[in-house]
Amino acid sequence: MNISIENSTKIQEFLMEEIELGKKWVVVEEGSDIRYSSDLNCFRKEFDADQFVHDNTTVFDNMVKFSLKNALQYNFQHLINNNAMNAQNLEFLQSNLKYFGFGDQLNEALEKNIKDQKNEFQLKIEIPHFNNKMDYTLHFKKSDSTDMYFFNRYDAALQNGKPELDKIQSFYVNKGNGVTAKEAFNLLEGRSVHKDLLNKEGQKYSAWLKIDFDNSDDRGNFKLKQFSEQYGYYLEKTLSNYPIKELGDTEQKTQLLNSLQKGNAQQVTIQKDGADAKYYIEAVPQYKNINVYDQKMHMVKRQSVQKVSDGIEKSTSPSLKPAKKQEQKADADGEKPKQKQAKRRKMSI
């Protein structure tokens with residue numbers, strides 16, 4: 001039995017008027033939505049209420065009787081409050097879905113499942129991404145102590161037409177925060193995402209996340225590598241080693257940094273040989289650098305587009321040896337091994 005929130009005040013007023021008229025019992029259909037006063041059947045005598053229950057109960061409809069005073073004071077008021085709470089819960093969850101990038105496509109199914117009062121349920125949605133697609137399964141669970149529902153986690157499955165290359169990962173939701181749908185796609189694609197996180201003591205900290213596809217936990221989920229601020233990766237400083245045109249505009253620079261932190265492969269304009277050329281770049285915090293791609297997403301050697309000074313290419317590292325070592329690590333992150341080059345005077349890559 002659910003009382004319409006918008007008509008709850010009118011229904012309360014109606015019940016009080018019935019009590020003033022000497023009515024003592026009310027009969028309603030069990031599990032029904034009470035929208036109007038006509039949905040309530042009030043009686044002076046308990047015998048008449050019992051007779052109404054008997055005459056109107058069928059295999060399809062079950063009528064229930066309440067003391068009118070108790071119904072007004074306890075049952076109905078509780079239902080009204082509970083309905084209001086459910087409405088707030090639904091609105092909160094719908095906002096959650098928007099924050100996580102699922103839009104409003106699931107709102108109707110979400111409302112129906114909450115109304116059915118299931119202990120737990122799942123909602124599915126498919127989102128295309130370029131030549132790939134992502135299948136998401138969202139998990140909701142009812143509280144053990146209240147009628148509140150919680151969005152606990154979602155399973156993200158990346159499909160690119162080759163089943164042997166499909167990847168799936170579960171992402172957990174912590175107090176309405178977590179990895180968004182687009183960020184999940186970027187992580188499964190192998191890129192890194194910058195997030196604000198909570199430690200065991202509930203304190204906030206920031207870190208880059210990257211899926212470790214070589215190691216899984218006891219639930220079969222890939223483990224996540226974390227690179228916090230102490231790791232020493234400074235994205236803006238790293239980008240300054242490249243003649244990226246967008247860095248010259250405050251608004252465009254902010255948008256670029258935000259996009260890269262979400263794990264996107266972002267298009268930029270790089271000045272090369274006196275002309276502007278379009279490239280894609282992505283953050284690589286593990287090796288304190290970025291990856292650069294051409295318009296067909298073929299990897300480009302970083303040193304070919306880095307800034308030059310007096311004919312000597314700048315390095316992202318302060319000394320020669322760490323720079324070489326770092327470049328070797330970057331090769332393991334997706335770049336092809338570089339062929340040995342002739343020694344050049346104090347030049348690092």
Side-chain angles (χ1 to χ4, degrees), residues 128-132 160 182-183 185-194 208 210 227 231-349:
H129 286 285
F130 305 105
N131 296 324
N132 303 324
N160 56 15
K182 181 62 183 300
E183 290 169 345
F185 166 75
N186 286 332
L187 285 168
L188 286 171
E189 283 267 285
R191 291 184 287 275
S192 301
V193 170
H194 187 267
W208 287 88
K210 180 179 174 62
F227 307 98
Y231 187 72
Y233 177 59
Y234 305 104
L235 178 59
E236 186 174 350
K237 183 179 179 182
T238 300
L239 294 178
S240 68
N241 292 301
Y242 298 83
I244 298 173
K245 193 172 184 179
E246 287 76 9
L247 295 177
D249 182 275
T250 302
E251 184 176 348
Q252 289 184 350
K253 181 174 77 171
T254 300
Q255 293 174 350
L256 173 60
L257 291 171
N258 289 338
S259 180
L260 292 173
Q261 287 177 340
K262 291 177 181 178
N264 295 326
Q266 180 62 41
Q267 187 180 68
V268 294
T269 306
I270 293 181
Q271 297 171 331
K272 180 176 171 60
D273 300 327
D276 291 343
K278 297 292 184 180
Y279 292 89
Y280 286 93
I281 62 173
E282 64 185 22
V284 188
Q286 183 172 3
Y287 303 116
K288 301 178 182 179
N289 220 315
I290 62 171
N291 282 338
V292 184
Y293 302 90
D294 63 18
Q295 288 294 289
K296 295 182 178 180
M297 292 305 291
H298 296 146
M299 189 169 283
V300 173
K301 290 183 178 180
R302 286 189 291 266
Q303 64 268 31
S304 68
V305 293
Q306 281 181 310
K307 287 181 178 179
V308 295
S309 177
D310 297 328
I312 299 178
E313 297 164 352
K314 286 188 176 181
S315 169
T316 57
S317 198
S319 63
L320 179 63
K321 289 184 179 179
K324 282 187 175 181
K325 187 175 182 180
Q326 181 172 306
E327 190 66 29
Q328 290 169 358
K329 285 185 177 180
D331 292 339
D333 195 42
E335 290 195 359
K336 295 180 180 178
K338 295 178 172 54
Q339 295 179 351
K340 291 184 178 180
Q341 299 179 4
K343 291 184 178 179
R344 288 188 282 182
R345 180 175 58 85
K346 293 184 179 180
M347 183 178 294
S348 59
I349 298 174

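The chain is numbered in sequence order, starting from 1. Worth saying up front: this structure is predicted, and the values here are computed from it rather than measured.
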Can V292 and K301 be said to form a side chain to side chain contact (heavy atoms under 4.5 Å, CB included), step by step?
CA-CA 7 Å; V292 184; K301 290 183 178 180; over 6 Å; no
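- Annotation: salt bridge (charged side-chain N to carboxylate O under 4.0 Å, His left out) contacts of K272 (sequence neighbours excluded): none.
- Put simply, the side chain of W208 does not reach to within 4.5 Å of the side chain of Q286, judged on heavy atoms.
- Partners of K278 according to the side-chain hydrogen bond (donor to acceptor under 3.5 Å, both in side chains) rule, which considers only residues two or more places apart in sequence or in another chain, are T269.
- The shortest non-hydrogen separation linking V193 to K262 is CG2-O, 3.4 Å.
- Heavy atoms of other residues, nucleotides or ligands lying less than 6.0 angstrom from CD of E236 number 12 at most.
- Smallest separation of non-hydrogen atoms from K210 and L187: CA-CD2, 4.1 Å.
- Paired with N264 under the rule side chain to side chain donor-acceptor pair (under 3.5 Å), one option of E282, K182, E183 passes, and it is K182.
- By the 4.5 Å heavy-atom criterion applied to side chains, V268 and L239 are not counted as neighbours.
- In terms of heavy atoms, Y279 sits closest to Q295 at N-NE2, 3.8 Å.
- A search for side chain to side chain contact (heavy atoms under 4.5 Å, CB included) contacts involving E189 returns N132, L158, F185, R191, not counting sequence neighbours.
- Atom CG of N241 sits about 13.0 Å away from atom CD of Q303, to the nearest 0.5 Å.
- Remark: F227 pairs with Y231 by the ring-ring contact (aromatic ring centres under 6.0 Å, His included) rule, at least two apart or across chains.
- When all heavy atoms of I290 and Y233 are compared, the pair lying nearest together is CG2-OH, 4.0 Å.
- Although no hydrogens or angles enter the test, the distance criterion places a donor-acceptor pair under 3.5 Å between the side chain of T238 and the main chain of Y234.
- To the nearest 0.5 Å, atoms CG (L256) and CD (Q261) are separated by 9.5 Å.
- A search for ring-ring contact (aromatic ring centres under 6.0 Å, His included) contacts involving Y280 returns nothing, not counting sequence neighbours.
- Taking every heavy atom of both residues into account, A283 and L235 meet most closely at CB-CD1, 4.1 Å.
- Applying the salt bridge (Lys or Arg N to Asp or Glu O under 4.0 Å) test to pairs two or more places apart or on separate chains, those with a residue in residues 240-252 are K245-D276.
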